[in-house]
Every structure is written in C-alpha cells, then in structure tokens.
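Numbered from 1 within each chain, the chains take letters A, B, ... in sequence-line order.
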Amino acid sequence: MQNNLALYNSLSRKKEPFKPLHPPFVGLYVCGPTVYSDAHLGHARPAITFDLLYRYLMHLGYRVRYVRNVTDVGHLENDADEGEDKIQKKARLEHLEPMEVVQKYLNNFLKNMEKLNTLHPSIEPRASGHIIEQQEFIKSIIEKGYAYEVNGSVYFDVLKYSQKYPYGKLSGRVLEELQATVRDLEGQDEKRNLFDFALWKKAAPEHLMRWPSPWSDGFPGWHLECSVMSTKYLGNIFDIHGGGMDLQFPHHECEIAQSTAALGKESVRYWIHNNMITINGQKMARSLGNYITLDQLFNGEHPLLQQKYSPMTVRFFILQAHYRSTIDFSNEALQAAEKGLQKLLKATATLKNLRPSSESTVDIKNLQAKCYEAMDDDLNSPVLLSNLFEGVKYINSVNDSAEKLTAGDIELLGNVFRTFVFDILGLTDEGINAGDEKLTEGLMKIIIDLRQEAKNRKEWSTSDKIREDLKKAGIILRDVKDGVEWERE
RNA sequence: GGUCGGUUUACCGAGUGGCUAGGUAGUGGUCUGCAAAACCAUUUACGGCGGUUCGAAUCCGCCACCGACCUCCA
C-alpha cells in the first residue's frame, strides 16, 4: 500500500514519511481525558486532530485500530503522599461514588465528541479496567531491575534507566538539569531521586480508589495506564501515539521509559502532538480556571461568549489552524469561522444543481491533487480548506455562468467535496431532519408561487411583505436570475 | 533560572529564498423593482537591528516581547 503522507514526529522533530509497521494495518493510540469535570474547548483539539488523522488514514485505505484511553484512576493532585486522587476529590465534593463521577463526566465527554462529529475510537479502554495488566507491567519492570519498592509503593528508577537508555529524548530534557529544577515537594522521602516517578502507590486509609497488589492496597501511578493499554491492544511496537503537547513531559517521557524498561525496546514509532488552545494568549486549562466548556460554547452561556456556536463551527474553527499551532479563542474568530463554514456548505449544495457544459474552463483534477498535497503535508487542514474555497469559487462561478464544467468534471468536483469536506474534514450540514424538510419544501413552493404572482402584477408591497415576514420566521428569500432561492437563517 | 516554540496585513490564519494562500470584515463595481446572495476589482503585512545573497516574511546573529513545559493538564 502506497501513500505520500508525511507526519511531524516529535521524536525526531522532523516531518517523516509515514510507513506503517504492518500495512494495511495501522495502530493509533491517543491520550484521552481524565474524567473529573465537563469537557472543554481544549479537549476538542486532540479529539478533532486525531479524528482527522484517523479519517484520512482510513480514506487512504488503511485498517486503523484507534485506541483512546479514559483516565478514571490514579492521577494525583500533587506528588505528595498526602496527594488526593482528582476523581476522589470531586467525588467527595459532590457526594458521589468515584465511579459515578467518572461515568457522569465520561458521558459528557462522549456526548460532546459526538456532537463534534468525531468518530468513536475502535477501543476506549479505562485505566480502572486494567489494574491487573498494570500490576503485571510493574512486575516486569521490577524484574528487569528498573523499579524498586519502598513501604508498599513502587517507583521507577530513572537514574538506572538513564545509564542504559536515553531518558529525556522526547522532550529534550537532560537529567542533570532535571535534578536541578525538579520541585522538592513534601513526602518524597521514599524516592531515591526526585525525578523518579510512581508505578504503584500505597493508598492512605481514607483513600477510596484502591486495589490489592503484591506491594500494598493501592492504585497505579500516573503514567502506567498508557504504556499498558497501548501495548495490550496495539502490540509491543505500534505506529502512532498522539496527545496534547502538554503531555510530552513528563507523561510521554515516562511512558517511553516504562515501556522500554519492561519490553526492552521502544514501543512508539511516531509521536504526534497537537498544540494548545489559548484564551487571551494563555493556555486554556481546568487547573487555570480559564476554560469554556463545550456545553457552554454550544448554548452560549458563558460571560465571554457573545453568542452560541454550533459544534460544526467549533470543528471548522479548529480545522482552520494547523494542529501544531496554538489557536487563540475569540468571538471574532469563531464568528468568522461560522460564516466561512456556511459559505462552504452552501456551495456544496449548489454543486448538486450545476448545469454541465461541453467543455471545462477550470482544472478540477489539479484542485483534487492540491487537496491531497495539503493533507499529505502533515495534515495541513488550513491549506486544504483554502483549496476547497477555490473550489467554492468555481462552483459559484459555474452557477453564475462565468465558468464552465463538463458533466464529468462536475461529478469529479462533487467527489472531491464529498471526500474532503464530509469524509475527511468530518464537517456536516447541521440541517434539519429529512421528513420535515419535505413538507417545508412543499409549503415553500406554494408561498413562492403566490409571491411570484404578486410580482407579476408588480404588487411590490405584497411581495416584499412575504419576504419580510418569512425572514421573521427565519427563512431568507433571494430573487436570483432564474427563480427564487430560499434557505434557513 | 533551564529547555522548547512563537511574533504575518483590521481580525483569524497558511506560507521557508524570487510567483495573489484562504476565511471574516471594509471599499468600489456587475446583476437587480428593491433587498440579499454570488461574481469581479481593490486597500492596510511580514516584531526590532545587523549580516549572507543578484534577491529574505522565508537563511544566520543579536535584541525585544509573548507562550508552553520543568506539578495535574488535551
């Protein structure tokens, strides 16, 4: 199987041709959310970025197993022994069972991901469902000599690992520097070095989320689940691991160390990281409290929102920037995205009614090639969109008889738009359901015919009143060259 | 403080040595009973200073500013 796709690999800091290990199969693992509050705009970024990659790989003919984990255990508030599990903290605040919290916010996340038209991953494994596997992984690391047990907790021995393997290669860290900058938090006496990290933590008596283990009643460390679940479902070596740039260190660095220590070789061939969404130039994050949830975006209920924005507007907004650039949130930018999306979708509808000519005056094959080039160049969705807008111009020009297309080229153009707009970019027309539409079409025809009769009699006040009243009802009429167009506002 | 990245026209956002990215907003025009849409034309650029080059937004150096990571995080 052939492709021209190049992806930016964080490991090499270069774009590399994408060659899967076992074509036509591709293994894709992406770090999912920690489910302890409603999904926010920041969560939409990796979901849409890797949805784009997933869709494109499938379009190229690959059979992709897409695994995205759900973190429902284990992430501590801080690195101290007193650290309280994020999920447990929320559970106490809301008087819920920890797993009830997990379910609630997982539902919220998945509902919003569906609204954004991201495809479901092939597997969405949960950390709490893989405790035994994680313990087995720890045992293997201990056997290889890269972990040590202290008072029922198990830590990864970074110093020892770094003597054989290059710890820090992904994030560009140097151990000596880490030594100097690592924070000296309380309760770290058990570690041999400050940069060691927990594989298993003994649970304090009041800790609710706990499982029995050879070392203690406790819970797995922060980074372990991804090493375990990625290799369990994708094999010891797999193609792509994705996630947010903020996870590069320490999370992904620790993942590499764990997997390499346990398996004797590196698991991941291509590391892909999406950039952050910022607000007023600063990263949007739950811990900073400057986030807007997806629910709020969709219903407009947030002090910073001038209006509500539909899921497709949000999706288009994100796709308009390259995934490795930051995107700054603003009402202006979202409103521009909303209009741009409407223009694109309107043209796809117009496309269906184009009249063919005996010759073509624009080059559709070339347009198609440019669309593939954009996607092949590290998923350059903004350039793809700019090419598609060139197609929009063609469509409208042909509709206005300023340009011409043969029937074959119209079909090809339709193909290009269906493929890239709907299949690959995953945009949808957030219209209305089909049954209502049929009735509305009939009613609109009656109204438009009556108005035309008035116009024929030059009763402008009547025809204008019909148009104005329809506008109040949310329908826009337009008199065009050969008839009347209408659409919903 | 260390490591890494960024600074593009009114706003968003591509672009790595010479050729109009694109979207949104603005202006003028075509069309039109009017309006709208569409199309055509068009204005405001590459943080600062220096260097390399026939030629730099694009390469190099210095400076300024902003951000990410070094705690949990998408």
Side-chain angles (χ1 to χ4, degrees), chain A residues 13 30-34 36 39-50 71 75-80 83 86 109 168 171-174 176-178 180-183 185 195 222 242-251 253 273-278 281-288 291 316-317 320-322 324-341 343-344 346-347 350 370 374 377 380-390 392-393 395-403 455 458 460-461 463-464 467-468 471 476-481 485 487:
Chain A
R13 292 161 206 272
V30 176
C31 285
T34 307
Y36 67 93
H40 64 82
L41 182 56
H43 291 108
R45 188 91 195 260
I48 289 170
T49 297
F50 294 105
T71 300
H75 278 212
L76 293 174
E77 280 282 287
N78 56 49
D79 201 10
K86 271 197 161 132
F109 175 81
S171 55
R173 306 288 143 147
V174 182
E176 293 77 61
E177 283 165 6
L178 275 177
T181 59
V182 132
R183 290 194 190 183
L185 297 165
F195 43 64
W222 329 339
M245 268 183 191
D246 51 350
L247 298 178
Q248 217 167 46
F249 190 89
H251 184 57
E253 200 69 69
H273 291 95
N274 64 275
N275 215 320
M276 301 290 105
I277 289 180
T278 59
Q282 199 184 30
K283 176 184 162 186
M284 184 181 285
R286 284 184 286 205
S287 54
L288 295 169
Y291 63 96
F316 186 87
F317 170 68
Q320 249 189 332
H322 188 259
R324 284 191 288 115
S325 305
T326 54
I327 311 181
D328 197 53
F329 162 87
S330 74
N331 281 283
E332 231 181 335
L334 275 163
Q335 283 158 14
E338 186 176 54
K339 296 231 173 104
L341 172 64
K343 183 173 175 174
L344 182 66
K346 185 160 184 264
T350 305
K370 277 158 68 181
D377 184 15
N380 200 328
S381 55
V383 167
L384 170 58
L385 280 167
S386 107
N387 292 328
L388 288 170
F389 275 106
E390 196 171 333
V392 168
K393 202 165 160 180
I395 291 166
N396 288 323
S397 295
V398 171
N399 196 40
D400 285 0
S401 308
E403 301 281 0
K455 280 178 71 177
K458 293 201 192 301
W460 306 125
S461 63
S463 67
D464 287 356
R467 188 170 61 196
E468 281 156 24
K471 184 157 189 349
I476 296 168
L477 279 196
R478 263 180 235 115
D479 293 314
V480 292
K481 210 168 220 164
E485 278 181 359
E487 68 174 358

What is the nucleic acid contact for A/R467, judged by heavy atoms within less than 4.0 Å: base, sugar-phosphate only, or nothing? base

Is it true that a side-chain atom of A/E253 and a backbone atom of A/S171 form a donor plus acceptor pair closer than 3.5 Å? yes

Just checking A/I327: base, sugar-phosphate only, or nothing, at a heavy-atom cut-off of under 4.0 Å? sugar-phosphate

For A/G32 and for A/K339, locate the closest nucleotide of RNA chain B by heavy-atom distance; then report the residue assigned to the nucleotide nearer the 5' terminus. A/K339

To the nearest Å, give me how far apart CD (A/Q248) and P (B/A74) are. 16 Å

Does the side chain of A/L341 reach to within under 4.5 Å of the side chain of A/F317, using non-hydrogen atoms? no

Audit row: A/T71, A/Y36, side chain to side chain contact (heavy atoms under 4.5 Å, CB included) steps and yes/no: CA-CA 9 Å; A/T71 300; A/Y36 67 93; over 6 Å; no

Pick the C1' atom in B/C60 and in B/A68, then give their distance to the nearest Å. 25 Å

Considering only the C1' atoms, how many Å lie between B/A35 and B/U42, rounded to the nearest integer? 24 Å

Taking any heavy-atom pair under 4.0 Å as a contact, classify A/G281: base, sugar-phosphate, or nothing. sugar-phosphate

Tell me, do A/L385 and A/L344 make a side-chain contact under 4.5 Å, heavy atoms counted? yes

So what does A/E332 hit on the nucleic acid, given a heavy-atom distance under 4.0 Å: a base, only sugar-phosphate, or nothing? sugar-phosphate

Decide side chain to side chain contact (heavy atoms under 4.5 Å, CB included) for A/L388 and A/V392; before the verdict, give the C-alpha distance in whole Å, the side-chain angles of both, and the deciding distance to 0.1 Å. CA-CA 6 Å; A/L388 288 170; A/V392 168; 5.6 Å; no

Check: A/M276 main-chain N/O paired with A/R45 side-chain donor or acceptor under 3.5 Å: yes

Looking at every strand, decide which applies to A/N399 at a 4.0 Å heavy-atom threshold: base, sugar-phosphate, or nothing. nothing

Rounded to whole angstrom units, what separation is found between the CG atom of A/L288 and the P atom of B/G67? 12 Å

Does A/E403 reach the main-chain N or O of A/V398 with its side chain, forming a donor-acceptor pair under 3.5 Å? no

Taking only the P atom of each, what is the distance from B/U53 to B/C40 in whole angstrom? 43 Å

Name the closest nucleotide to the A/P382 side chain, picking from B/C70, B/G13, B/A74. B/G13

Sequence neighbours excluded, the answer for ring pair (Phe, Tyr, Trp, His ring centres under 6.0 Å) partners of A/H40 is A/H43, A/Y291

Taking 4.0 Å as the cut-off, does a side-chain nitrogen or oxygen of A/S171 come that near to OP1 or OP2 on B/C4? no

Rounded to whole angstrom units, what separation is found between the CG atom of A/N331 and the P atom of B/C11? 16 Å

Interatomic distance where CZ belongs to A/R478 and C1' belongs to B/G33 [whole Å]: 18 Å

Strand RNA chain B in bracket notation, Watson-Crick/G-U under 3.5 Å with | for pairs to another chain: (((((((..(((.....[...))).(((((.......)))))....(((((..]....))))))))))))....

Under the criteria of a ring-centre distance below 5.5 Å and an interplanar angle below 30°, is A/F389 stacked with the base of B/G23? no

Quote, to the nearest angstrom, the P distance that separates B/A41 from B/G5. 40 Å

Test your reading of the model: is there a side-chain donor-acceptor pair from A/T278 to the backbone of A/I327, 3.5 Å cut-off? yes

Sort out for me which residue in A/K346, A/R478, A/K471 forms a salt bridge (Lys or Arg N to Asp or Glu O under 4.0 Å) with A/E487. A/R478

With heavy atoms under 4.0 Å as the rule, sort A/M276 into base, sugar-phosphate or nothing. base

Please tell me if A/K283 has a side-chain N or O lying less than 4.0 Å from either OP1 or OP2 of B/G67. no

Regarding A/T278, tell me which of base, sugar-phosphate or nothing describes its non-hydrogen contacts under 4.0 Å with the strands shown. nothing

Scan A/D464 against the nucleic acid and name what it touches under 4.0 Å (heavy atoms): base, sugar-phosphate only, or nothing. base

Hey, which of these two, A/W460 or A/I476, hits RNA chain B nearer its 5' end, going by closest nucleotide? A/W460

Looking only at atom P, what distance separates B/A74 and B/U44, rounded to whole Å? 44 Å

Answer yes or no: is there a donor N or O on one side and an acceptor on the other, between the side chain of A/D377 and the main chain of A/N380, under 3.5 Å? no

Under 4.0 Å, heavy atoms only, any strand: does A/Q282 hit a base, just the sugar-phosphate, or nothing? sugar-phosphate

Nearest-angstrom distance from the residue atom CZ of A/R45 to P of B/A68: 14 Å

Determine the Euclidean distance between corresponding C1' atoms of B/U8 and B/G13; express it in Å to zero decimal places. 9 Å

Quantified in whole Å, what is the P atom distance between nucleotide B/A25 and nucleotide B/C39? 12 Å

B/U20 and B/A45, which share atom name C1', separated by this distance in whole Å: 14 Å

Give the B/S/- string for nucleotides 38-47 of chain B, one per nucleotide from 5' to 3', where a protein heavy atom under 4.0 Å of the base yields B, of only the sugar-phosphate yields S, and otherwise -. BSS-------

Rounded distance (Å) that lies between atom C1' of B/A21 and atom CD of A/Q320: 12 Å

Is it true that A/K370 and A/E390 make a salt bridge, defined as a side-chain N closer than 4.0 Å to a carboxylate O? yes

Separation of A/I48 atom CD1 from B/A74 atom P, in whole Å? 15 Å

Rounded to whole Å, CG of A/L385 lies from P of B/G15 at a distance of 13 Å

Distance below 4.0 Å between A/S287 side-chain N/O and B/U71 OP1 or OP2: no

Remember a base hit wins even if backbone is also touched, and classify A/P33 as base, sugar-phosphate or nothing at under 4.0 Å, heavy atoms. sugar-phosphate

What does A/S463 touch in the nucleic acid at a heavy-atom separation under 4.0 angstrom: a base, only the sugar-phosphate, or nothing? base

